[in-house]
Asker: 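My questions all concern the structure below.
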Amino acid sequence: MRIYVNNLNELNDNERITINGWVQETRKIKNLMFIILRDNTGIVQVTAKKNTLSNYNEIYDLTRESVISVSGILNKKSVSKSGVEINADKIEILSYAETPLPMGVIDKVSVDFDTRLNNRFIDLRKPENFFIFKFESELLFGIREYMNSNNFIEVHTPKTVAAATEGGADLFKVKYFEKDAYLNQSPQLYKEILISSGFDKVFEVGPAFRAEKENTVRHLNEFTSIDIEVAFADDNYVMGILENSMAHAIKHTIKKLGSDVFKYNSSLGEVKAPFPRITYEESIYYLNNNGFKLNFGDDFSPEAMKILAGKFDNFYFITKWPVDLRPFYTMPDENNPELTKSFDLQLNDIEITSGAQRIHNYKMLEQNFLIKGLNKNNFEFYEKAFKYGMPPHAGWGLGLERLVMNLLHLSNVRESTLFPRDRTRLSP
RNA sequence: GCCCCGAUAGUGUAGCGGCCUAUCAUACAGGCCUGUCGAGCCUGUGACGUGGGUUCAAAUCCCGCUCGGGGCGCCA
């Protein structure tokens, strides 16, 4: 059985163990040396002595971040600060790290974010960065668990598509044998087709691509989108799914990861569904009373979003957006044709989810192609699904990296992306 | 697409026309040291993005380029 650093407490004093990891640090005193060994659960001190190690000279020259396997006796009454150490009698060098490192894991000097991303493999050795992705993994597990227990089917739709259909966002063009293709900006149209297929409740976790030349701390050109679509549902129903899945996933994550999460966000434990709701028109009214000059139909600037966010603790919905600010498939409000049955979920001042009840009537959809100036020929594969039995339906899409960024109070969405793709970065 | 800012050892910085043969820290290499734990002490290696220009003199001032950061716009 593999032993990890965080298992050591459960073992007995003087027990014989083998443990693997990276050499985080060495402190050398001629015939005695200390190695701080790190695995992804923590660090432990290894004591190596010349008279107990046959390859002491080789070990003495170990470089930081080399990978070793240590066998020895667990000493739980160590005089070291942690109180635990391993008295090594055998150390095997599995991988020797070159020097100097492109960046240090525990150096006291700061490192530019750009340098960190260029050396992401080392950057992620830092426990605080690794933690972000453990958090993401647990959060996503919690969301999946919620969806699964509510009878959602997880699906996978194509990311390579034929036409730049939906207007609006720019798409990346790729060669597809003798044809042109595009990287999909969202699974939207495919989720809806599956609703006509009778899947009833679908969800998908997958990449989405946007070719917009943004240069901000909240945009990526490739991000992970969590999408759901539900048949015979309206906007309110899927808002309920959203807030409950968030509350469930956060609760799960806190339970699994413990108080570490509060180092990033001390109020995370207070997230409870339902989330507060404000309509688009109420938001406009509020912002006009707080120094902004906004008309009906205007979108909110980042500055305005900060002011609005000040009204709420963390999550809140902005509902009933104007028709002009929403895509062609958004269902208009039956009480006011200028508004839609749509919503954004905000977390602090950032939009993390956009959703709505969708139009399921084929004629209405065709009319919207005209109004939005879209070429209906590009939508044949989609429209077809509406002609032969399409239930009313609603759904949403959520940016996973943005969710994690905001839950952990990170200042840049690239922090919650393993290998970010942005305006200028395509590597690693 | 627009605006602002930046580029000096592996890493992070100081410098802002001549005191630069370029500062400091950290890392790295070598040495001393059998209980270190931000180890300590000694020695050493290592850098001005690129192409022009101004000047007696450029890391420093000007222009182009390249690369990067941030804000806005755009954005399911």
Asker: Along nucleotides 33-41 of chain B, 5' to 3', which nucleotides get a B, which get an S, and which get a -, given that the test is a protein heavy-atom distance under 4.0 Å?
Answerer: BBBBBBB--
Asker: In whole angstroms, how far is the C1' atom of B/C75 from the CD atom of A/Q185?
Answerer: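 In whole Å, B/C75 C1' and A/Q185 CD are 9 Å from each other.
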Asker: Taking the minimum atom-to-atom distance to the side chain of A/S110, which one of B/C72, B/G12, B/C28 wins?
Answerer: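 For A/S110, the side-chain atoms sit closest to B/G12.
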Asker: Quick one about A/R218 and A/N406 (side-chain donor to acceptor, distance below 3.5 Å, no hydrogens or angles considered), yes or no?
Answerer: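 Not at all, the side chains of A/N406 and A/R218 share no donor-acceptor pair under 3.5 Å.
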Asker: Can you tell me if A/H248 and A/S245 form a side-chain donor-acceptor pair at under 3.5 Å?
Answerer: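 Side chains of A/H248 and A/S245: no pair found under 3.5 Å.
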Asker: Determine whether A/Y388 and A/Y362 satisfy the following criterion, ring pair (Phe, Tyr, Trp, His ring centres under 6.0 Å), listing intermediate values before the conclusion.
Answerer: CA-CA 9 Å; A/Y388 306 98; A/Y362 163 62; 8.8 Å; no
Asker: Taking NE2 from A/H219 and P from B/C75, how many angstroms apart are they, rounded to a whole number?
Answerer: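 Atom-to-atom, A/H219 to B/C75, this comes out as 10 Å.
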Asker: Which residues pass the salt bridge (charged side-chain N to carboxylate O under 4.0 Å, His left out) test with A/D235, sequence neighbours left out?
Answerer: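 Result, salt bridge (charged side-chain N to carboxylate O under 4.0 Å, His left out) vs A/D235: none returned.
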Asker: Round to the nearest Å and state the distance from A/R218 atom CZ to B/G70 atom P.
Answerer: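 Rounding to the nearest Å, CZ of A/R218 and P of B/G70 are 11 Å apart.
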Asker: Over how many whole Å does the gap from A/N57 atom CG to B/G30 atom C1' extend?
Answerer: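 My rounded result for the distance is 15 Å.
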Asker: Which whole-number value in Å describes the distance from A/M103 CE to B/C28 P?
Answerer: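 About 14 Å, once rounded to whole Å.
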Asker: Which residues pass the side chain to side chain contact (heavy atoms under 4.5 Å, CB included) test with A/P100, sequence neighbours left out?
Answerer: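 Result, side chain to side chain contact (heavy atoms under 4.5 Å, CB included) vs A/P100: none returned.
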Asker: Paired stems touching RNA chain B, three or more consecutive Watson-Crick or G-U pairs with both distances under 3.5 Å?
Answerer: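 RNA chain B stems, ordered by first number: B:1-7 with B:66-72, B:10-12 with B:24-26, B:28-32 with B:40-44, B:49-53 with B:61-65.
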Asker: Taking atom P in both B/A59 and B/G18, what distance in whole Å separates the two?
Answerer: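 My reading of the P atoms in B/A59 and B/G18 gives 10 Å.
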Asker: Report all interatomic pairs (protein N or O, nucleotide N or O of nucleotides 66-69 of chain B) with separations under 3.5 Å.
Answerer:
| from | atom 1 | to | atom 2 | distance (Å) |
| --- | --- | --- | --- | --- |
| B/G69 | OP2 | A/T424 | OG1 | 3.2 |

Asker: Could you tell me how the ring of A/F343 sits relative to the ring of A/F317: parallel (under 30°), tilted (30 to 60°) or perpendicular (over 60°)?
Answerer: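 Correct class here is perpendicular.
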Asker: Angle class for the A/F379/A/F328 ring planes (parallel below 30°, perpendicular above 60°, tilted otherwise)?
Answerer: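 It falls in the perpendicular class, over 60°.
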Asker: With A/N412, which residues qualify under side chain to side chain donor-acceptor pair (under 3.5 Å), at least two apart?
Answerer: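 Here the qualifying residues are A/R414.
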Asker: With A/T99, which residues qualify under side chain to side chain donor-acceptor pair (under 3.5 Å), at least two apart?
Answerer: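 Side chain to side chain donor-acceptor pair (under 3.5 Å) list for A/T99, sorted by chain: empty.
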Asker: Are a donor atom and an acceptor atom from the side chains of A/S416 and A/R402 found within less than 3.5 Å of each other?
Answerer: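 Result is no, nothing qualifies.
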Asker: Going by side chain to side chain donor-acceptor pair (under 3.5 Å), name the residues that satisfy it together with A/D13, two or more places apart in sequence or in a different chain.
Answerer: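 So A/D13 forms a side chain to side chain donor-acceptor pair (under 3.5 Å) with A/K77.
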Asker: Between B/C42 and B/C5, how many Å separate the two C1' atoms, rounded to a whole number?
Answerer: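 Per the computed distance, 42 Å lies between those C1' atoms.
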Asker: Mind checking what makes ring pair (Phe, Tyr, Trp, His ring centres under 6.0 Å) contact with A/Y264, not counting sequence neighbours?
Answerer: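 Once residues adjacent in sequence are excluded, the partners of A/Y264 under the ring pair (Phe, Tyr, Trp, His ring centres under 6.0 Å) criterion are A/F131.
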Asker: Can you tell me if the side-chain N/O atoms of A/T115 get under 4.0 Å from OP1 or OP2 in B/G12?
Answerer: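 Checking B/G12 against A/T115, a side-chain N or O does come within under 4.0 Å of OP1 or OP2.
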Asker: If I take atom CG in residue A/D298 and atom C1' in nucleotide B/C74, what distance separates them, rounded to the nearest angstrom?
Answerer: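 It is 15 Å, rounded to the nearest whole Å.
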Asker: Are more than 12 heavy atoms from other residues, nucleotides or ligands located less than 6.0 Å from atom CD of A/E128?
Answerer: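 Yes, the 6.0 Å shell around CD holds more than 12 heavy atoms from other groups.
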Asker: Listing request: all ring-ring contact (aromatic ring centres under 6.0 Å, His included) pairs with a residue in residues 26-61 of chain A, at least two apart in sequence or in separate chains.
Answerer: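 Sorted result for residues 26-61 of chain A: A/Y56-A/Y60.
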Asker: Measuring only the P atom in each nucleotide, how far is B/U43 from B/U8? A whole number of Å is fine.
Answerer: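 Result for the P pair: 28 Å, nearest Å.
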Asker: Identify, residue by residue, the members of residues 338-353 of chain A with a heavy atom below 4.0 Å from RNA chain B, and return them in order of residue number, or none.
Answerer: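 Nothing qualifies; none.
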Asker: What is the distance from CD1 of A/I106 to C1' of B/U11, rounded to the nearest Å?
Answerer: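 Computing the A/I106:CD1 to B/U11:C1' distance gives 14 Å.
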Asker: Between B/A29 atom P and A/L101 atom CG, what is the distance in whole Å?
Answerer: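 Roughly 10 Å, once rounded to whole Å.
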Asker: Among B/A29, B/C28, B/G12, which is the nearest nucleotide to the side chain of A/R64?
Answerer: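 So the nucleotide nearest the side chain must be B/C28.
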Asker: Report which part of the nucleic acid A/S301 touches: base, sugar-phosphate, or nothing (heavy-atom distance under 4.0 Å, all strands).
Answerer: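 It contacts sugar-phosphate atoms only.
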Asker: I'd like to check the side chain to side chain donor-acceptor pair (under 3.5 Å) partners of A/R423; sequence neighbours left out, ordered by chain and number.
Answerer: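 Residues passing side chain to side chain donor-acceptor pair (under 3.5 Å) with A/R423: none at all.
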Asker: On RNA chain B, nearest-nucleotide positions of A/F113 versus A/D299: which is more 5'?
Answerer: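 The answer here is A/F113.
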Asker: Please measure how far the P atom in B/C24 lies from the corresponding atom in B/C16, and state the result in whole Å.
Answerer: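 Result for the P pair: 15 Å, nearest Å.
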